[in-house]
Amino acid sequence: MVYAFTFAKRFGSHGKQSKVLYCILKENSWLFFDYEFFRLRDQAFSFIVAYAIRFSDGNIIKYEWGVKTECDNELCILQIIIHGSINNIKSRILSLFLQQMEQPFRVCIICIRTFVHRVLEPPDDVKKLFQDYSQNGTMSMDDLLKFLSKVQGQNNAKEEDAEAIFNSLKHLNIFPRKGLNLEAFYRYLLGDLNTPLSPCVHQDMTAPLAHYFMYTGHNSYLSGNQLSSKSSVRPIKKALKNGVRVIELDLWPARNNDVVVRHGGTLTTSVKLLRCLRAIKEFAFQVSEYPVVITFEDHLTVSLQDKVAEMVTKTFRDMLYRPGKDGLEKLSPESLKKKILISTKPPREYLETQDSNSPHESKKSSEEQGGDEKLHSSRINLFSCSSMCFAKQDRIDEGEQLQGEDEEMTIPKYRDLIAIPSGKPKGGLEEWLRIDEKEVRRLSLSEQELDKATRTYGKDIVRFTKNNLLRVYPKGTRLDSSNYDPFVGWKHGAQMVAFNMQGYGMPLWIMQGMFRANGGCGYVKKPDFLLRENDDFDPSVPSPVYKILKVKIYSGEGWHLDFRHTHFDQYSPPDFLVKVRSKIDLPLLEHDHGKNVTSDNQLLDSQVGIFVGVHASETKRTQIAENSWLPEWNEEFEFEVAAPELSVLGIEVDDDDTYGSHDFAGQTYLPISELRTGIRAVPLYDRRGERYKSARLLMRFDLKDSRECSERQKSQD
């Protein structure tokens with residue numbers, strides 16, 4: 001009997017090779033091998049070519065190559081027409097692939113350790129669920145809909161959703177036409193259609209802007225540290241493509257009557273303002289159609305302000321929002337779709353010296369008065385570089401007093417651009433937080449100022465942010481572009497918690513996780529307790545536990561596709577572990593506080609870590625899965641959550657190193673209130689927040705009311 005044996009390899013849009021897609025046997029209908037054997041790295045394809053002739057013991061009728069287009073990608077095809085028995089051919093292929101999947105590790109000059117890949121089996125929970133929701137080993141579309149509704153919590157699942165899942169697996173050809181078998185069902189659970197968060201915007205977007213947290217960048221043009229890095233449009237483009245909705249630009253005068261963007265008083269380079277504006281226009285709405293706010297920290301003469309107004313108007317045209325009859329309190333993200341808003345205030349130093357257009361005189365005046373908001377973060381005394389004496393002055397551009405005569409002196413053309421006015425009234429915190437019923441404004445505080453203010457004026461800050469905007473920015477000593485705890489601002493209602501997006505670390509991971517909510521559109525609705533009119537929330541008052549979050553970690557896969565086989569360990573496959581940390585940023589009631597805290601166990605080879613936004617940090621770890629690219633844990637953890645809307649679940653994977661620090665193997669942070677229950681495929685990200693192509697975890701989430709859990713526990717007792 002004659003069979004056609006076909007191998008296909010996908011090429012990317014730039015001709016870059018990727019993994020083997022599938023391996024298929026053809027005899028009128030399609031027959032398929034275990035898909036897991038063919039999710040190998042690129043070397044597998046050349047291996048097939050080199051040894052293809054052995055598959056048929058020399059009984060080859062035809063051997064040919066070809067290239068075809070499928071789904072806008074090129075497939076490189078190797079087809080072999082052979083004589084022989086299917087079972088014989090299948091066993092030989094599997095044998096050869098098993099040989100290929102052996103990984104040698106050199107221990108010393110003459111010794112080599114060999115480890116064999118294994119196939120990742122579905123967990124027992126998955127097998128049981130498949131058995132419960134299938135008939136005779138096949139899950140029909142109706143069965144799948146029941147599973148989505150009852151197990152995955154997708155009560156609004158429609159036939160179109162089940163059909164999309166079926167279609168996503170058809171190119172793998174690993175299930176019968178009538179439905180899904182166990183392996184196809186397992187591939188769906190690990191696939192991109194089974195993510196833990198909804199990909200769609202689902203929150204009410206018609207409320208005023210002050211009712212939303214906004215994804216906010218700080219010094220958006222810097223590519224590195226705050227002292228000597230390069231200013232560029234690339235960080236701006238990257239931020240917008242990641243969903244950031246608030247971009248900050250520092251405007252400074254330059255030669256030839258031009259305007260540049262740079263971090264004043266430092267060794268950072270500059271980039272022309274016009275380039276930044278054009279980059280914003282190009283990328284503003286590629287990821288999200290909701291409004292982009294540009295905050296100007298300008299240090300310009302009046303004539304240059306006029307030039308900026310002309311640049312902004314001509315660049316954005318109809319995209320630019322101009323303040324009209326409707327005040328800011330009536331504007332919503334929905335009504336401002338695909339609009340760009342300008343937020344700034346007249347720079348005091350130039351308004352007071354408008355008779356002089358000299359940038360040097362204006363700069364001198366500014367420094368005599370203490371500098372501006374931007375100069376606080378890393379001002380360097382250029383006359384004493386040898387001693388590297390940094391002036392640790394707080395920014396006061398946003399803290400300067402907003403006087404009525406200053407507004408009158410602002411040229412009308414420039415003032416017409418300002419959709420969100422900013423500034424601080426005369427006086428201290430009480431005056432800064434004073435609410436003007438006739439005007440909505442933006443107030444900016446450094447992280448230090450906010451921390452000090454929350455000790456005495458916590459409820460006043462919450463009251464202020466119900467209708468006004470509060471922006472928080474990093475303190476001046478963060479020259480390395482590090483970040484701070486964002487929960488302090490969020491729990492007091494701050495809409496713009498500005499972060500250095502070019503860095504990395506846990507605070508930035510938390511920020512990225514928070515804004516994966518609501519479809520990643522860059523706007524997240526504030527919880528109701530921060531918006532109640534007649535009840536000012538007090539963040540310092542202990543809060544009871546409202547929810548119990550149960551997290552089960554089954555297994556992980558994909559690292560062998562994203563990393564070299566010696567990336568984690570030169571002598572063996574990695575030893576993965578998952579760290580689970582729970583951190584609620586609201587204080588818990590005393591009888592609840594720390595109830596689930598566990599001591600750190602000895603780290604095992606593979607470990608997963610989970611972090612939940614809470615006041616007291618809980619850290620829980622899985623056992624280590626030794627010497628495996630496909631780790632399995634099957635461990636469950638439980639966390640108490642006081643405010644799900646302000647809590648983020650953090651998951652970190654490390655490779656255990658007995659004699660040194662653990663190697664980073666991925667992380668992800670997820671907003672707890674947005675978690676979809678059931679078994680989910682959780683994609684992992686690198687240190688900078690870039691998603692890995694293949695590495696992911698299979699996990700199960702269950703979020704219940706604490707009372708319901710308590711009653712259930714009592715009934716069981």
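Throughout, residue positions are numbered sequentially from 1 according to the sequence presented. Everything numeric here is computed off the predicted structure, so don't read it as measured data.
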Fill in: Check: Met214 main-chain N/O paired with Thr216 side-chain donor or acceptor under 3.5 Å
yes

Report the C-alpha distance between Ile294 and Leu341 in whole Å, list the side-chain angles of each, state the deciding distance to 0.1 Å, and finish with yes or no for side-chain contact (heavy atoms from CB on, under 4.5 Å).
CA-CA 6 Å; Ile294 305 176; Leu341 288 72; over 6 Å; no

Note to self: Are Asp480 and Asn500 packed together at the side-chain level, in the sense that at least one heavy-atom pair is separated by less than 4.5 angstrom?
What the structure shows: no

Handout entry: Check: Lys526 side chain, Ala494 main-chain N or O, donor-acceptor pair, under 3.5 Å
Key = no

### Message
Regarding Gln203 and Glu674, do their side chains bring together a donor and an acceptor under 3.5 Å, going by distance alone?
### Response
yes

State whether Arg434 and Glu430 are salt-bridged, where the test is any N-O pair (Lys NZ or Arg NE/NH1/NH2 against Asp/Glu carboxylate O) under 4.0 Å.
no

Closest heavy-atom pair, Met205 versus Pro333, reported as atoms and distance to 0.1 Å, is O-CD, 3.5 Å

What one should report as the nearest heavy-atom pair of Thr206 and Asp204 is OG1-OD1, 2.6 Å

Would you kindly check if the NZ (Lys) or CZ (Arg) of Arg234 is within the cone defined by 45 degrees around the ring axis of Phe283 and under 6.0 Å from the six-membered ring centre?
no

Side-chain donor-acceptor pair present, Asp250, Tyr221, cut-off under 3.5 Å | yes

Check: Below 4.5 Å, heavy atoms only, C-beta onward: do Phe464 and Leu443 meet side chain to side chain?
Finding: yes

Contacts satisfying salt bridge (Lys or Arg N to Asp or Glu O under 4.0 Å) that involve residues 278-288 (not counting sequence neighbours) are none

Sub-3.5 Å donor-acceptor pair from the side chain of Thr315 to the main-chain atoms of Val312, do we have one? no

Flag side-chain contact, heavy atom, 4.5 Å: Arg262 against Val271:
no

(message) Regarding Asp528 and Arg532, does a basic nitrogen lie under 4.0 Å from an acidic carboxylate oxygen?
(response) no

- Side chain proximity check, Phe213 to Asn518, heavy atoms < 4.5 angstrom: no

### Query
Do we see a donor-acceptor contact under 3.5 Å between the side chains of Ser343 and Arg442?
yes

Problem set entry | NZ (Lys337) with more than 12 external heavy atoms under 6.0 Å | yes

Output for pair (Asn483 CG, Tyr504 OH), nearest 0.5 Å, gives 12.5 Å

Residues Met496 and Leu469: closest non-hydrogen pair is CE-CD1, 4.0 Å

So, Glu248 and Ser220: side-chain donor and acceptor under 3.5 Å apart, yes or no? no

Checklist entry - Counting N and O atoms only, with roles assigned by atom type, does the side chain of Asp686 sit under 3.5 Å from a partner on the main chain of Gly689, one being a donor and the other an acceptor? => result yes

Those residues at least two apart in sequence (or on a different chain) that pass side chain to side chain contact (heavy atoms under 4.5 Å, CB included) with Val440 are Leu328, Glu329, Asn468

Ring centre gap for Phe499 and Tyr484 strictly below 6.0 Å: yes

Do Leu227 and Thr268 touch side chain to side chain, with heavy atoms closer than 4.5 Å? no

For this session: State, with a plain yes or no, whether a side-chain heavy atom of Glu449 is found less than 4.5 Å away from one of Trp432.
Result: yes

Value for CD1 (Ile672) from CG (Leu646), rounded to nearest 0.5 Å, stands at 10.5 Å

*For atom NZ of Lys237, decide whether the heavy atoms of other residues, nucleotides or ligands shown that lie under 6.0 angstrom number more than 12.*
yes

#### Entry: Derivation and outcome, side-chain contact (heavy atoms from CB on, under 4.5 Å), residues Met514 and Phe487
CA-CA 10 Å; Met514 183 70 165; Phe487 285 112; 5.8 Å; no

Nearest heavy-atom contact between Ala207 and Lys525 is CB-CE, 3.8 Å

So the salt bridge (Lys or Arg N to Asp or Glu O under 4.0 Å) pairs with at least one residue in residues 458-468 (sequence neighbours excluded) are Asp460-Arg463, Arg463-Asp536, Lys466-Asp536

When rounded to the nearest 0.5 Å, the distance separating CG of Leu320 from NZ of Lys314 is 14.0 Å

When rounded to the nearest 0.5 Å, the distance separating CZ of Arg516 from CG of Asn242 is 9.5 Å

On a heavy-atom basis, the closest approach of Arg688 and Gln502 is NH1-O, 3.0 Å

Test Val292 against Phe285 for side-chain contact (heavy atoms from CB on, under 4.5 Å), laying out the working first. CA-CA 8 Å; Val292 168; Phe285 305 111; 4.1 Å; yes

| said: Do Asp306 and Tyr414 make a side-chain contact, defined as non-hydrogen atoms from C-beta onward lying under 4.5 Å apart? | reply: no

Check: Do the side chain of Glu310 and the main chain of Lys307 share a donor and acceptor less than 3.5 angstrom apart?
Finding: no

Inset, instruction - Mark yes or no for whether Ser481, through its side chain, and Gly224, through its backbone, hold a donor-acceptor pair below 3.5 Å. - result: yes

Between Glu690 and Lys238, is there a side-chain N and carboxylate O pair less than 4.0 Å apart? yes

Notebook entry, point to check: Where the side chain of Asn225 meets the backbone of Ser228, is there a donor-acceptor pair that is under 3.5 Å apart?
Noted result: yes

Is a donor on one side and an acceptor on the other found under 3.5 Å between the side chain of Arg245 and the backbone of Ser288? yes

Separation between SG (Cys276) and CG (Leu249), nearest 0.5 Å, reads 5.5 Å

Taken to the nearest 0.5 Å, the spacing of Ile280 CD1 from Arg275 CZ works out to 12.5 Å

For Asn467, the side chain to side chain contact (heavy atoms under 4.5 Å, CB included) test, sequence neighbours excluded, returns none

Tyr215 meets the ring-ring contact (aromatic ring centres under 6.0 Å, His included) criterion, sequence neighbours left out, with Phe515

Notebook entry, point to check: Centres of the Trp509 and Phe664 rings: under 6.0 Å?
Noted result: yes

Donor on one side chain, acceptor on other, His211 and Gln495, under 3.5 Å: no

Q) Does OH belonging to Tyr321 count more than 12 external heavy atoms closer than 6.0 Å? A) yes

Any side-chain heavy atom of Ile247 within less than 4.5 Å of one from Thr295? no

Problem set entry | Donor-acceptor pair, side chain of Ser231 and main chain of Thr269, under 3.5 angstrom | yes

- Message: Show, in sequence, the C-alpha distance, side-chain angles and deciding distance for Val488 and Val497, and conclude whether the side-chain contact (heavy atoms from CB on, under 4.5 Å) test is met.
- Response: CA-CA 9 Å; Val488 178; Val497 178; over 6 Å; no

For Glu447, the salt bridge (Lys or Arg N to Asp or Glu O under 4.0 Å) test, sequence neighbours excluded, returns Arg478

Here the pair of heavy atoms bringing Pro323 nearest to Asp416 is CD-O, 3.0 Å

- Message: If we ignore hydrogens and angles and just use 3.5 Å, is the side chain of Thr454 paired with the main-chain N or O of Asp451 as donor and acceptor?
- Response: yes

